[in-house]
There are 4 protein chains.
Amino acid sequence: MPKTKKQFAEIREEKKSLIIETAIELFAEKGFHNTSISEIAKKAGISKGLMYNYYESKEDLLRKGMYSLANEFIQNIDFNRNKVLEKYELLTFLNSIIDHLKKNLKFWKFLYAVINQPVVFKILEKEMEIISEPMTKMLVKYFKSNGFKKPETEAAFLNALLNGVCSEYIFAPESFPINEVKKKIIEMYNLKSK
Amino acid sequence: MPKTKKQFAEIREEKKSLIIETAIELFAEKGFHNTSISEIAKKAGISKGLMYNYYESKEDLLRKGMYSLANEFIQNIDFNRNKVLEKYELLTFLNSIIDHLKKNLKFWKFLYAVINQPVVFKILEKEMEIISEPMTKMLVKYFKSNGFKKPETEAAFLNALLNGVCSEYIFAPESFPINEVKKKIIEMYNLKSK
Amino acid sequence: MPKTKKQFAEIREEKKSLIIETAIELFAEKGFHNTSISEIAKKAGISKGLMYNYYESKEDLLRKGMYSLANEFIQNIDFNRNKVLEKYELLTFLNSIIDHLKKNLKFWKFLYAVINQPVVFKILEKEMEIISEPMTKMLVKYFKSNGFKKPETEAAFLNALLNGVCSEYIFAPESFPINEVKKKIIEMYNLKSK
Amino acid sequence: MPKTKKQFAEIREEKKSLIIETAIELFAEKGFHNTSISEIAKKAGISKGLMYNYYESKEDLLRKGMYSLANEFIQNIDFNRNKVLEKYELLTFLNSIIDHLKKNLKFWKFLYAVINQPVVFKILEKEMEIISEPMTKMLVKYFKSNGFKKPETEAAFLNALLNGVCSEYIFAPESFPINEVKKKIIEMYNLKSK
DNA sequence: CATGAATGAGTATTCATTCAT
DNA sequence: CATGAATGAATACTCATTCAT
């Protein structure tokens, strides 16, 4: 008796997850071009051929990996609000972004390993917009509605600052004083409630 | 008339510079792994064989390239002072770093392309310290001598901020408002001399 | 009510036909090596596994395909006569061969795609004899009994001519003037009755 | 002291010829898809890498091979005449084509092995026109200027006939009575001088 | 009878590096 | 000092075939 469709679908989903997670991990550790398909397959405990059963190519693996990470990030942060942002919400945003960073170091490493390679970035342009666009929009809106004189500059500044903080933390999670730095940012923007 | 030894040495040095500059340019544009030795040789107008006469390997090219860039950067910035930093000097530092960024975009692209690839970074660890170590030291010293409560945190913060600013500017030199952001940093630290 | 043995056998035969026809079609369109088992299975609406239930291998598919085509061709043409061929019968032969060509373009494409690949042809040597041997025999017999001086040469000539006609027609069915050419052959051999 | 440009050019030409000849031979023997680059390299006594130093890809090898064969054939046959064809010239054409066939069996095998594979033919469309176009033109012109009623049909017929003759001869050079068949064609068209 | 997940050997292609001249 | 022909190991990807269910 053959396996049911559902059984097959389950197997597929499990394997797909296993493969993409392994790939993300290796891309994060070693970069895109230094990771071979053989290596991914070996680490995932499957054959090279099977990988191609689930993903079209190495690029596909990269794109799908980035896509799922980006979406997962977006859901965690929740930019999608139409009403005006309150101060406490920017605080929430800051907290959640730094929380996500601490808890998902691997994913952030993947992100930075990947976007700083010109050729690799080209592959991901579309997927990257999922993250960058709503984030910038939200920041601009916040600074605008809170009476900052140059909201675009403010957004660019905070964006750069967060980018740098992530970058430094990824680079040396042990020694970079991320909590102290977060406190400083909160004070800078006067975000503490009460 | 045969060339003198000195002339030979000069030719040698010129060729070496030409090669390394070509390599840096290509690494910046396309990343380390997407640039082939053949390409570098072709663009530099020499043969592959000759390249190996001057540099041991592709890795060597990378290391020497980074080394020369780092030194050139250090000389431009001049961290090496033992006396206490004055405010106007931090201003100078900030100005010169952003100036250097604007004028040497290619080199900064190279830097970011290269340090964010874990495997490639491994090759460069030693060379990177030339830049990062004195910079951090200088910042810490400055904040300490200017009465900041947590000089290490302040240094880490400013470091991250500058890192982020460079990263954003490299990514989109046209649209990132670097001058406005610089102004904001100057105000933040109250650096404007009157 | 469970299916009877006979019904099962019928289903089997239908599936087998479906598979082999699909295979022939694809081999004709894309060549043997450019057609994958997956593709055949997909187009036939079955699983790869099932295909192996009916046929041993890709080669087997090719051989059985050729075998069935060859037999179908032979039955259409009816070479198997012991009595001496009359003129009108050669006319019939010519007509039926060209008719078959026009109506079964796919099969002829398959034939030519396949026999002109040396390695593939090796696989089919036995099956090919089903066609070529009786055809040559018949022609030789005809020319002999009709008083031609060199029946073997005549047979070889007509064989080559028909081979070329088929080849040209397969290649460009729209532009090759097959009817005019047929007329010319009929005149050449003075085959028109009365 | 480095090799001179001329020396390098010589080496290149020799190797290029060696490679392409080996490739043609193998494509003729085994077909395009059944011949691997490794095999070609091995038979030519060079490394796979070197092949790619001289030819861009396997397809390039095929195209360049066909191109050179086609040109060599064209030069042997000499279709390029503007004046009206005389009878003895068609005889010359027939003779030279069959001569070429006998002497260059490998090349003709290559041709037939290659053009009958749909996918492979696509690659060669442009190169094939070098042969087919002038040949058809010449035949049509001949039949026209010699008062045949349907010159296009005549050309198509002769074309098909020659195609078939070549095909049969390639297939069984020992047993196909090519000389007898040639004689028959000469008689058919009444080409014998005097 | 039927499925499609899984394998592994095979293929074209790239590229840092060596070396004879 | 200078050349580029030559190598070989590595890489992404394909596909006929097997097999547990």
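All figures in this text were calculated on a predicted structure; none of them were measured in a lab. In what follows, every heavy atom counts, from backbone to side chain, and hydrogens, waters and symmetry copies are set aside. Every chain is numbered from 1 and lettered A, B, ... according to where its sequence line falls, protein lines coming before strand lines.
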Please give, in whole Å, the distance from [N] [atom2] to [X] [atom1]?
X	N	atom1	atom2	result
D/K42	E/dA12	NZ	C1'	17 Å
C/N34	E/dT11	CG	P	15 Å
C/K30	F/dC15	NZ	C1'	13 Å
A/D60	F/dA12	CG	C1'	13 Å
B/N53	F/dC1	CG	C1'	7 Å
D/E39	E/dT13	CD	P	15 Å
D/Q7	F/dA2	CD	P	18 Å
B/L26	E/dC15	CG	C1'	15 Å

**OP:** Answer yes or no: side-chain N or O of B/K48 and base N or O of E/dT17 forming a donor-acceptor pair under 3.5 Å.
**Re:**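 Looking at the base of E/dT17, it does pair with a donor or acceptor on the side chain of B/K48 (distance under 3.5 Å).
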Subject >> Residue C/I46, side-chain heavy atoms: nucleotide from F/dG8, F/dA5, E/dT3 that is nearest >> reply: E/dT3
Original post:
Closest nucleotide of DNA chain E for D/S57 versus for A/G49: which of these residues is on the 5' side?
Top reply: A/G49
Is there a side-chain polar atom (N or O) of [X] under 4.0 Å from OP1 or OP2 of [N]?
X	N	value
D/R12	F/dG4	no
D/K15	F/dA6	yes
A/Y52	F/dT14	no

Subject >> Of D/M51 and B/G45, the one whose closest DNA chain F nucleotide lies more 5' >> reply: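 Nearer the 5' end of the strand: B/G45.
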Original post:
Taking for each residue the nucleotide of DNA chain F bearing the nearest heavy atom, is the 5' side occupied by D/K5 or by C/K58?
Top reply: D/K5
Just wondering, are more than 12 heavy atoms of other shown residues or ligands nearer than 6.0 Å to [atom1] in [X]?
X	atom1	value
B/K16	NZ	yes
A/K43	NZ	yes
D/Y67	OH	no
C/E56	CD	no

Original post:
If we call it a pair only when both distances are under 3.5 Å in a Watson-Crick or G-U wobble match, what pairs with F/dC19?
Top reply: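 Across all strands, the one nucleotide that pairs with F/dC19 is E/dG4.
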Subject >> Watson-Crick/G-U partner (both atom distances under 3.5 Å) of F/dA10 >> reply: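 In the structure as shown, F/dA10 has E/dT13 as its Watson-Crick or wobble partner.
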Just checking [X]: base, sugar-phosphate only, or nothing, at a heavy-atom cut-off of under 4.0 Å?
X	result
B/Y54	sugar-phosphate
D/L50	base
C/S36	sugar-phosphate

Original post:
Any ion pair linking A/K109 and A/E29 (charged N to carboxylate O, less than 4.0 Å)?
Top reply: no
Original post:
Checking C/K58 against C/F32: charged group under 6.0 Å from the ring centre and within 45 degrees of the axis?
Top reply: yes
